[in-house]
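Okay, so here's the structure we're looking at.
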Amino acid sequence: MKKTALITGITGQDGAYLAELLIKKNYRVIGALRRSARQDNWRLKRLNIDKKIIFEELELSEENEINRLFKKYKFNEVYNLAAQSFVATSFNSPLNTSNITGLGVLRILEAIRTYSPRSKFFQASSSEMFGQTFENKQDEQSKFNPQSPYAISKLYGHYITKNYRKSYNLYAASGIAFNHESPLRGEEFVTRKITKGLVSIMKGELKVLELGNVYAKRDWGYAKEYAQGMWQMLQLKKADDFILSTGKTYTIKNFIDECVKYLKMETIWIGKNLKLRLVNKKTKKDLIKINKKYFRPAEVDYLRGDSKKANKVLKWKAKTDLKGLVKLMIDEEMKYFKMR
Ligand code: G4F
């Protein structure tokens with residue numbers, strides 16, 4: 001029998017990769033999207049799966065719309081990937097972020113409890129919940145210390161998922177994913193902003209790229225592999241929480257260095273902190289500058305995940321390293337640059 005899965009946030013990076021995987025596995029995929037996201041399915045088109053998904057409009061702020069969907073379909077699996085997911089925006093829209101990223105999780109869990117208690121539920125939790133970290137590596141037991149309305153909302157979603165698992169015996173799993181990037185990443189996130197920015201500079205379409213705090217460290221993996229881990233979490237007998245990460249951490253500056261190397265650009269860093277600049281070695285023209293406006297009111301300085309548990313129980317391991325990720329992202333950036 002064909003399984004039916006609901007993916008909220010289907011037009012996002014993770015939604016697209018997960019949908020691709022489930023379609024390959026012969027699932028019927030119901031993709032929930034916000035009314036405003038209707039036009040925004042370039043990722044699904046790029047993966048050539050936009051015609052293979054049944055789309056349903058859904059606002060996570062509307063309990064009735066969620067309930068309607070659960071009355072219409074019998075879902076074997078429900079993946080909640082929808083969120084206001086940009087950390088910087090959450091400082092300007094804390095109420096909306098809390099309503100969608102936090103309370104949205106509860107609305108889905110309530111619908112599952114009421115209409116479909118046998119559906120398996122996946123919550124996309126985030127390494128942002130660790131915030132200002134205490135340990136060298138963060139695992140499922142590490143202390144949370146969130147630093148933004150986004151991270152606090154994700155923490156609510158994480159705890160309510162655990163609570164519904166325990167209180168109502170639902171199959172509710174939570175995947176604490178560290179940063180995961182790809183050519184399908186939104187341009188507002190730093191990795192894609194850098195790959196797109198540097199390629200645009202090389203092609204003469206942009207003079208200078210402006211960034212915020214390039215000294216922050218992140219554990220960056222390849223999003224397609226993380227979608228695989230999400231699916232694996234719902235194939236166990238018992239629901240649990242798992243970290244998805246590479247175990248390596250790099251500064252944004254390191255990421256830029258890797259890009260510049262791959263693009264064979266002759267550059268050099270000059271100055272430090274707010275005065276830091278990446279310049280063309282020959283012409284001495286600025287290529288990257290720091291702009292205070294991209295700094296956040298509270299920053300997460302260091303993230304590095306420990307996926308021992310996922311490795312042992314799920315047999316999941318991140319395969320793509322930073323160099324591989326940079327290659328993947330820049331190659332596709334170049335390809336679509338040529339096609340414009
Ligand atoms: O790429 P970012 O915006 O990702 P961030 O904040 O780490 O969050 C991402 O990963 C989380 C998982 O840990 C997800 F939950 C979340 O939804 C999202 O996908 O920023 C990464 C770092 C930050 O320290 C930021 O301050 O890059 C720094 N940064 C420096 N300049 C910049 C910029 N970030 C952005 N977006 N733009 C800049 O110009």
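Bear in mind the structure is a predicted one, so any value in this text is a computation, not a measurement. Every number for a ligand or one of its atoms is a count from 1 in the order of the listing. Atom set for the values below is all heavy atoms of this structure, side chains included, hydrogens, waters and symmetry mates excluded.
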| Does one side chain, of Glu225 or Thr320, offer a donor that lies under 3.5 Å from an acceptor on the other? | yes

| query | Taking the inter-plane angle between the rings of Tyr226 and His180 on a 0 to 90° scale, is it parallel (under 30°), tilted (30 to 60°) or perpendicular (over 60°)? | reply | parallel

| Centre of Phe178's six-membered ring, under 6.0 Å away, within 45 degrees of the axis: is that where NZ or CZ of Lys248 sits? | no

| request: Describe, in one word, how the ring planes of Phe122 and Tyr79 are oriented to each other, choosing from parallel (under 30°), tilted (30 to 60°) and perpendicular (over 60°). | output: tilted

| task | Find out if a path of hydrophobic residues (ILVMFWY) with successive side-chain heavy-atom gaps under 4.5 Å connects Leu18 to Leu244. | result | yes

| query | Under a 4.0 Å heavy-atom cut-off, which residues neighbour ligand 1? | reply | Ser85, Phe86, Val87, Ser126, Ser127, Glu128, Tyr150, Ala177, Asn179, Arg185, Glu188, Phe189, Val190, Lys193, Leu211, Gly212, Asn213, Ala216, Arg218, Ile252, Tyr294, Arg296, Glu299

| Under 6.0 Å between the ring centres of Phe144 and Phe130? | yes

